[in-house]
Amino acid sequence: MHKPTRALSCPHSEFIIPSWPVQASVKALCTTRCGGACLPPYDDFNLALHVGDDPENVTSNRRCLQQQGDLPCAPYWLNQQHTVEVVNLDSFDQQDWQAPIADAAWSRQTNQVAVVMTADCLPILITNRSATLVAAIHAGWRGLAEGIVSRTVKQLPESPEALLVWIGPHIRQPYFEVGQDVYDAFAELNTHNTACFTAIKDSEGKYLADLAGLLKLELAGLGVEQIYDSELCTYADESRFYSYRRDGQTGRIASLIWLAQ
């Protein structure tokens, strides 16, 4: 059967600009699903090539993102696989870029756009008070438990006390049901983590997990004091966000950060 197509034009997309007290040279944005070229179930502004969407439509959306987001270059897209691998973008040239398997990236150079894609997982953006570095992290529960955040923070050439962290849209506790294995994984890391789980009544071994709460506890333990939460939920806000838990086959939004010249 002939697959229906949509003209590869891109209506103005809706971006979320983090609200945090950073210097003007730090640029950051988070996309939504609004305003793109993709057909259901990826409608509309899907930016992921790995979810089964039409590559031509995704590429069109990526071009629109670069133009409408006023990006200085194409983002350094990663091959995200829930790893704890962190990439220093300063070691790469954009022309030679081939997406490595990694779930975090950081840079000290201007005009290097770090990006992560999400659809329920935590998108985390980081900079510092002096605006000399930026980082982006993708953290699902497994990556969070295995240390992707700590590993990234420890690689940054900055004291944790000088860092600012923004937590983007992700699935929030009322909708994020997990099993005993997830509870146990975090309880073994830190007994304080158990406060971020609420047992589901009449469902033994089932909990509602607070990813943002777990992240904040970890950041506090690392010495990070300036944490800014978007308080946005991907699962609850179907009009603006993709949610894998809600929809199964779906698209991805992107969270991006860079240093402007």
Side-chain angles (χ1 to χ4, degrees), residues 10 13-18 20 22 25-36 38 42 45-51 53 55 58-127 133-140 143 148-149 151-152 155-156 164-170 230 232 234 241-242 250-260:
C10 186
S13 302
E14 179 184 333
F15 298 144
I16 294 164
I17 307 301
W20 55 344
V22 299
S25 58
V26 176
K27 306 298 182 182
L29 64 87
C30 176
T31 69
T32 68
R33 68 184 303 168
C34 306
C38 295
Y42 310 103
F45 202 63
N46 171 44
L47 294 163
L49 288 166
H50 69 283
V51 295
D53 198 358
V58 176
T59 300
S60 174
N61 283 347
R62 288 186 174 189
R63 286 197 299 266
C64 289
L65 170 61
Q66 188 169 347
Q67 179 182 14
Q68 295 179 9
D70 197 23
L71 307 186
C73 68
Y76 283 76
W77 302 101
L78 304 174
N79 182 356
Q80 299 171 196
Q81 296 189 19
H82 297 276
T83 69
V84 292
E85 297 302 316
V86 185
V87 175
N88 180 356
L89 299 180
D90 300 346
S91 305
F92 296 91
D93 184 275
Q94 180 65 246
Q95 293 182 343
D96 299 326
W97 180 254
Q98 294 184 347
I101 296 175
D103 286 83
W106 66 279
S107 176
R108 289 182 293 181
Q109 296 183 10
T110 58
N111 297 337
Q112 302 270 58
V113 183
V115 58
V116 289
M117 293 181 291
T118 54
D120 284 337
C121 293
L122 287 159
I124 305 158
L125 301 181
I126 302 176
T127 188
L133 62 82
V134 292
I137 305 172
H138 159 255
I148 182 65
V149 174
R151 188 164 181 175
T152 304
Q155 281 195 27
L156 300 178
L164 296 88
V165 175
W166 183 75
I167 305 171
H170 62 279
S230 69
L232 295 170
T234 52
F241 302 117
Y242 301 110
T250 192
R252 300 291 187 273
I253 61 170
S255 298
L256 311 93
I257 189 168
W258 69 97
L259 296 172

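We number each residue from 1, following the sequence as shown. Reckoned from all heavy atoms, side chains included, excluding hydrogens, waters and symmetry mates.
Contact detail for Asn111 and Ala260: the closest heavy-atom pair is OD1-CA, 4.2 Å. What you find for Cys73 and Gln94 is that their closest heavy atoms are SG-NE2, 3.7 Å. The shortest non-hydrogen separation linking Ala99 to Trp77 is CB-O, 3.2 Å. Pairing each heavy atom of Ala48 with each of Asp53, the nearest pair is O-CB, 4.4 Å. Scanning both residues, Pro72 and Trp258, for their nearest heavy atoms gives CD-NE1, 3.4 Å. Minimum interatomic distance between Cys30 and Ser255 (heavy atoms only, all atoms of both residues): SG-OG, 3.5 Å.
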Walk me through whether Glu85 and Arg151 qualify under side-chain contact (heavy atoms from CB on, under 4.5 Å). CA-CA 8 Å; Glu85 297 302 316; Arg151 188 164 181 175; 4.0 Å; yes
May I have the step-by-step check of side-chain contact (heavy atoms from CB on, under 4.5 Å) for Leu259 and Gln112, ending in yes or no? CA-CA 7 Å; Leu259 296 172; Gln112 302 270 58; over 6 Å; no
Trace of the side-chain contact (heavy atoms from CB on, under 4.5 Å) decision for His50 with Gln80: CA-CA 10 Å; His50 69 283; Gln80 299 171 196; over 6 Å; no
Begin from the C-alpha positions of His170 and Thr118 and carry the test side-chain contact (heavy atoms from CB on, under 4.5 Å) through to its verdict. CA-CA 8 Å; His170 62 279; Thr118 54; over 6 Å; no
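Counting heavy atoms from C-beta on, the side chains of Pro100 and Leu78 come closer than 4.5 Å. Between Ile167 and Leu122, some side-chain heavy-atom pair lies under the 4.5 Å cut-off. Side-chain atoms of Ile257 and Trp166, non-hydrogen and from C-beta on, never get closer than 4.5 Å to each other. For the pair Ile124 and Val165, the minimum side-chain heavy-atom distance is below 4.5 Å. The shortest distance between side-chain heavy atoms of Leu29 and Leu65 falls below 4.5 Å. In this structure the side chain of Ile148 reaches within 4.5 angstrom of the side chain of Val86, judged on heavy atoms. Looking at Asn61 and Cys38, their side chains come closer than 4.5 Å, going by heavy atoms from C-beta outward. Taking the side chain as every heavy atom from C-beta outward, Pro123 and Pro169 approach each other to under 4.5 Å.
With Thr32 contributing its side chain and Glu14 its backbone, the two residues share a donor-acceptor pair below 3.5 Å. At distances below 3.5 Å, at least one donor-acceptor pair connects side-chain atoms of Asn46 with backbone N or O atoms of Arg252.
Ring geometry for Trp97 against Phe92 counts as perpendicular: the plane angle is over 60°, on a 0 to 90° scale with 30° as the lower cut.
The CD atom of Gln81 sits 8.0 Å away from atom CG of Asp103, with the distance rounded to the nearest 0.5 Å. A distance of 12.5 Å separates CH2 of Trp106 from CD1 of Ile137, quoted to the nearest 0.5 Å. Interatomic distance, CG of Leu133 versus CZ of Arg108, reported as 8.0 Å (0.5 Å rounding). The line from CZ of Phe241 to CD1 of Ile253 is 5.5 Å long, rounded to the nearest 0.5 Å. Between Thr31 atom OG1 and Leu47 atom CG the span is 5.0 Å, to the nearest 0.5 Å. Note that CD of Gln98 is 13.0 Å distant from OH of Tyr76, once rounded to the nearest 0.5 Å.
Summarising the local packing, CD of Gln67 is surrounded by 12 or fewer heavy atoms from other residues, nucleotides or ligands at distances under 6.0 Å. For CG of Asp70, the number of neighbouring non-hydrogen atoms (other residues, nucleotides, ligands) closer than 6.0 Å is 12 at most.
Applying the ring pair (Phe, Tyr, Trp, His ring centres under 6.0 Å) test to His82 and every residue at least two apart in sequence or in another chain returns His138.
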